Number of protein chains: 2
Amino acid sequence: MSKAASSGVKRRKLADIRKDNLGQILAVAEQLFGENGYSGTTIAAIAAKANLPKANVLYYFKTKEALYKGVLSRLLVLWMSHMDQMTADQHPNVALRQYILQKIKMSKEHPNASRIFAAEILHGAPYLKQQLATDLKQQFDKTCQVFREWIAKQWMEPINPEHLLFMIWSSTQAYADHALQCSMMLEKPSLDESDYEAGVEFLTRMVLKGCGIKLL
Amino acid sequence: MSKAASSGVKRRKLADIRKDNLGQILAVAEQLFGENGYSGTTIAAIAAKANLPKANVLYYFKTKEALYKGVLSRLLVLWMSHMDQMTADQHPNVALRQYILQKIKMSKEHPNASRIFAAEILHGAPYLKQQLATDLKQQFDKTCQVFREWIAKQWMEPINPEHLLFMIWSSTQAYADHALQCSMMLEKPSLDESDYEAGVEFLTRMVLKGCGIKLL
DNA sequence: GTCTATAATCCGATAGAC
DNA sequence: GTCTATCGGATTATAGAC
């Protein structure tokens, strides 16, 4: 008689256990890597927070590096989302406003994902370099092209498309990466809903007016 | 006879050796901490790059933490410089333009200082928290007050002063912290003089037009 | 598949000769 | 003040019982 058959009806399927553990490990790892960086995070700390023995973590991910890559692989997709929703037929007033809103929402809802991404870039993107050069570069060029078409249609003034994206990326990400600095300057324990809203409103205004796009 | 007296005229003064070694260690440490972070940098690596034995580094700085603090202590002053040059009697057109220029110049000339600062903020500013809450907070409030006076004089439109500073900080620092990402998107081995100039021009335009300040 | 015990390595820090 | 040798602790990874 197999081990599985002897465990009774209440036993969860092995596949479910695996799925749950994998998800739990990845979620905890994302938090700790985001808070303390790669070298600053130990497998023991991840295991403890996930309520698993250390060896179990290393059963699912053979090495610490593999676990980090597992966390990273979901990141770029998340980070790039919403960018492809800006298209040449949309008016920049709507499209840029929506993109800024979504990016700040990302900073609010996935601050650790943003921080891991930022730390990776900061330290030379050893693991993301390839994906940046292919996936992100392709989307970047596509989006710059959309900006150029908006300019050709005279929906916006002739600004530098590349630097516009750099500016939107950095200033929206700041609401995750520099959240501590911002909250300290605002004398708050942490950023709250009204701060993110003020950020959206402010950045939308800067970008739209800066690009000479009429406010609705 | 003392050791010093027996060494002849060519011997450099002990005080000079100390000064040189201290400076060399701090410079190398700033580079490596900036590139690899605190946990990602070993004392052995710093010693090797400074052409000194490991124990010698630990002679000058009793612990790794003390060395890191030594590097940090110079940073905030550097990071905060130029902010106090914006005053209420200056026209924002000149003052903001100059501040953006200086901040991007900082990103170009001291990228590792900027990266250490960014990583420190990213991971909760364990060592800088106190200085941020006192020194930076004071300068932040002062600068926001300058913005409010400009608004009162109707030199600029009523924008949110706090978020304006957040935006200038993050978008100018990006030319150091996200330099790799930017250069990859521009298909260059690294950012060059023209990129920093384009950044200054672009950000100045966004901020001045965004705040409704007349371009000169 | 799970987990305890431990091997192997790396790194910060120190002792002590020069 | 300088530097070799090494200690002690932490951390990744594995071996092997269950």
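All values reported here derive from a predicted model rather than from experimental measurement. Within every chain, numbering begins at 1; the chains are lettered A, B, ... in the order of the sequence lines, protein sequences first and strands thereafter.
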Quiz item: When you check every protein heavy atom under 4.0 Å of nucleotides 7-14 of chain C, what one-letter string (B, S, -) results, 5' to 3'?
Solution: ----SBBB
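Aromatic ring centres of Tyr175(B) and His163(A): separated by under 6.0 Å.
Between the CG atom of Asn56(A) and the P atom of dG16(D) there is a distance of 19 Å, rounded to whole Å. As rounded to whole Å, 10 Å separates atom P of dC3(C) from atom CD1 of Ile17(A). For the pair Asn51(A) CG and dT2(C) P, the interatomic distance rounds to 14 Å; values are reported in whole Å. dT2(C) atom P lies 11 Å from atom CG of Asp20(A), rounded to whole Å.
The structure places CG of Leu78(A) at 11.5 Å from OG of Ser73(A), a figure rounded to the nearest 0.5 Å. The distance from atom CG of Asp141(A) to atom CD of Glu187(B), rounded to the nearest 0.5 Å, is 6.5 Å. Separation of atoms CE (Met185(A)) and CD (Gln181(A)) is listed at 6.0 Å; rounding is to 0.5 Å.
Look at Tyr59(A) and you won't find any side-chain N or O under 4.0 angstrom from OP1 or OP2 of dT2(C). For the pair Tyr60(B) and dT2(D), the criterion of a side-chain N or O lying under 4.0 Å from OP1 or OP2 is met. One finds a side-chain N or O of Asn21(B) lying less than 4.0 angstrom from the OP1 or OP2 phosphate oxygen of dT2(D).
Pairs of residues two or more places apart, or lying in two chains, never qualify as side chain to side chain donor-acceptor pair (under 3.5 Å) while including a residue from residues 39-58 of chain A.
Using bins of under 30°, 30° to 60° and over 60° for the plane-to-plane angle, the ring pair Tyr38(B)/Phe33(B) lands in the parallel bin.
Of all nucleotides listed (dG1(D), dC3(C), dC3(D)), dG1(D) comes nearest to the side chain of Arg18(B).
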